[in-house]
Amino acid sequence: MSFVKTRDGAHIYYKDWGIGPPVVFSHGWPLQADVWDDQLNLVAENGYRGIAHDRRGHGRSTQTWHGNNMDTYADDLAEVIEQLDLRDITLVGHSTGGGEVTRYIGRHGTDRVSRLLLLGAVPPLMLRTPQNPEGTPIDAFDQIRDGIRKERSQFYLDLTEMFFGANRPNNNVTEGNKYAFWLMAMQLGVRGALDCVAAFSETDFTEDLRRIDVPTLVIHGDDDQIVPIDAAGRKSAEIIPDATLHVYEGAPHGLANVPGFKEKFHEDLLVFLKH
């Protein structure tokens with residue numbers, strides 16, 4: 001297995017498929033790099049180099065007690081990019097990963113980045129505050145933390161219903177979708193899981209979004225029950241100077257893994273890479 005060692009000694013696992021301009025994928029909570037396998041294979045078969053890492057605490061990376069916050073996640077991503085000497089990168093971030101790549105640009109700039117794709121991403125801010133009334137109340141995130149502490153295995157399995165839109169009529173979600181999600185989630189350490197909930201829900205990415213100076217595609221489902229589009233994708237597209245918003249009608253949060261929506265996303269991704 002391939003790892004990058006960070007400045008604090010954590011080992012970040014990554015997979016590296018194909019040859020060509022690099023496309024770096026950042027996954028959502030509570031998942032890992034494997035969630036991107038279809039997309040890694042897609043870009044590698046089309047002349048690109050697909051790279052995806054497990055965020056610290058997740059998957060095969062070190063389960064650190066400290067450092068499970070968005071600044072450190074972004075710096076870990078920078079370590080991967082710099083140690084692999086990647087340039088002219090297309091960054092792709094889903095959900096929490098969308099926050100990670102946004103904070104990466106906020107902290108490290110775009111010298112190595114040529115374009116950005118945000119998919120169902122958490123910026124600018126998930127948490128409801130007086131200044132962000134469209135956000136999600138903190139009670140919802142407290143319930144996530146309670147679920148992790150009480151019986152995380154069942155909690156993660158239950159979460160797949162909303163994540164993939166399996167609770168909607170006439171959905172195309174498979175049992176395989178759900179079990180794959182559960183398996184990846186169970187490889188996330190408890191400490192990392194709890195800390196990451198605070199990181200993705202309470203971090204304000206507004207200033208990071210304003211620093212984005214590369215062409216950006218924002219893709220969001222209008223039936224996203226995890227990261228509602230009005231508080232996230234629509235706002236981000238307004239803040240980013242050079243952003244295009246694609247709204248997928250009826251799409252859930254985990255649209256990249258649901259038959260029908262996945263194929264549409266693959267088409268948009270390849271078009272964006274060739275743009």
Does T203 form a side chain to side chain contact (heavy atoms under 4.5 Å, CB included) with L125? I'd like the steps, not just the answer.
CA-CA 6 Å; T203 303; L125 174 62; 5.9 Å; no
Side chain to side chain contact (heavy atoms under 4.5 Å, CB included) between H58 and L31: does it pass, once the steps are laid out?
CA-CA 7 Å; H58 300 62; L31 304 172; over 6 Å; no
Evaluate the criterion side-chain hydrogen bond (donor to acceptor under 3.5 Å, both in side chains) for residue pair Q32 and R60; output intermediate values, then yes/no.
CA-CA 8 Å; Q32 56 174 258; R60 291 139 292 200; 2.8 Å; yes
Does the side-chain hydrogen bond (donor to acceptor under 3.5 Å, both in side chains) test come out yes or no for E100 and S26, once each step is laid out?
CA-CA 7 Å; E100 181 177 277; S26 183; 2.5 Å; yes
Could you walk me through whether I240 and I212 satisfy the side chain to side chain contact (heavy atoms under 4.5 Å, CB included) test, starting with their C-alpha distance in whole Å, then the side-chain angles of each, then the deciding distance to 0.1 Å, before giving a yes or no?
CA-CA 6 Å; I240 298 168; I212 296 172; 3.9 Å; yes
Show your reasoning for whether side chain to side chain contact (heavy atoms under 4.5 Å, CB included) applies to I105 and L116.
CA-CA 10 Å; I105 290 175; L116 171 68; 4.0 Å; yes
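The CZ atom of R103 sits 10.5 Å away from atom OG1 of T72, with the distance rounded to the nearest 0.5 Å. With rounding to the nearest 0.5 Å, the separation of CD in E249 from CG in D222 is 6.0 Å. To the nearest 0.5 Å, atom CG of residue L159 and atom CZ of residue F181 are 4.5 Å apart. The line from CG of D213 to OG1 of T110 is 3.5 Å long, rounded to the nearest 0.5 Å. Atoms SG and CG, on C196 and N69 in that order, are 10.0 Å from each other to the nearest 0.5 Å.
Residue pairs satisfying the ring pair (Phe, Tyr, Trp, His ring centres under 6.0 Å) criterion with at least one member in residues 221-253, sequence neighbours excluded, are listed as follows: H94-H253, F163-H253. Screening residues 183-209 for ring pair (Phe, Tyr, Trp, His ring centres under 6.0 Å), with sequence neighbours left out, gives W29-F200. For residues 117-133, every residue pair satisfying the side chain to side chain donor-acceptor pair (under 3.5 Å) rule, not counting sequence neighbours, is listed here: N132-K235.
Taking both residues in full, the closest heavy atoms of L40 and A52 are given as CD1-CB, 4.0 Å, listed atom of the first, atom of the second, then distance. Residues I226 and M162 share a closest heavy-atom pair of CD1-CB, 3.9 Å.
Between L118 and I219, the closest side-chain pair of non-hydrogen atoms is not below 4.5 Å. Contact check for N171 versus F164: no side-chain heavy atoms found under the 4.5 Å cut-off. Residues S153 and M186 form a side-chain contact, since some pair of their non-hydrogen atoms from C-beta on lies under 4.5 Å apart. Annotation: side chain of L119 is in contact with side chain of L255 (closest heavy-atom distance under 4.5 Å). Taking 4.5 Å as the limit, some side-chain heavy atom of I51 sits within range of a side-chain heavy atom of L84. Annotation: side chain of V190 is in contact with side chain of I148 (closest heavy-atom distance under 4.5 Å). A heavy-atom distance below 4.5 Å is found between the side chains of L188 and Y156.
With a 6.0 Å radius and a threshold of 12 heavy atoms from other residues, nucleotides or ligands, R149 has its CZ atom at or below the threshold.
The pair R210-E207 meets the salt-bridge criterion, with a side-chain N (NZ, NE, NH1 or NH2) lying under 4.0 Å from an Asp/Glu carboxylate O. Using a cut-off of 4.0 Å between Lys/Arg side-chain N and Asp/Glu carboxylate O, K5 and D76 are scored as not salt-bridged. Note on D208 versus R211: salt bridge recorded, some NZ/NE/NH1/NH2 to OD/OE distance being below 4.0 Å. In this structure, K15 does not pair ionically with D54, as no charged nitrogen and carboxylate oxygen lie closer than 4.0 Å. Salt bridge D88/R112: absent, no basic N to carboxylate O contact under 4.0 Å. Using a cutoff of 4.0 Å between basic side-chain nitrogens and carboxylate oxygens, R56 and D195 are not scored as salt-bridged. In this structure, D75 pairs ionically with R107, as a charged nitrogen and a carboxylate oxygen lie closer than 4.0 Å.
Judged purely by atom type and a 3.5 angstrom limit, T136 has no side-chain atom pairing as donor or acceptor with the backbone of L127. Looking only at distances, a side-chain donor or acceptor of N177 sits under 3.5 Å from a matching main-chain atom of T174. For S61 (side chain) and G57 (main-chain N/O), no donor-acceptor pair under 3.5 Å exists by modelled atom type. Using a distance-only test at 3.5 Å, with no hydrogens or angles considered, a donor-acceptor pair links the side chain of T216 to the main chain of V214. Side-chain atoms of Q39 come within 3.5 Å of backbone atoms of A256 as a donor-acceptor pair (strictly under, hydrogens ignored). Side-chain N or O atoms of S114 include one that pairs as donor or acceptor with a backbone N or O of I89 at under 3.5 Å. Listed for the T62 side chain is a donor-acceptor partner under 3.5 Å among the backbone atoms of H11. Looking at N68, its side chain does come within 3.5 Å of a backbone N or O of T64 through a donor-acceptor pair. At least one donor-acceptor pair under 3.5 Å links the side chain of E263 to the backbone N or O of G260. Under the 3.5 Å distance criterion, the side-chain polar atoms of Q187 are matched with a main-chain donor or acceptor of L183.
Linking ILVMFWY side-chain heavy atoms closer than 4.5 Å, directly or via other members, places Y13 and W36 in two distinct hydrophobic clusters. The hydrophobic clustering, which links ILVMFWY residues whose side-chain heavy atoms are closer than 4.5 Å, places V197 and W65 apart. Cluster membership for F3 and Y14, using ILVMFWY side-chain heavy atoms within less than 4.5 angstrom, is not shared.
No donor-acceptor contact under 3.5 angstrom links the side chains of D139 and Q143, judged on distance only.
Between H53 and H27, the ring planes are tilted. Angles from 30° to 60° get that label.
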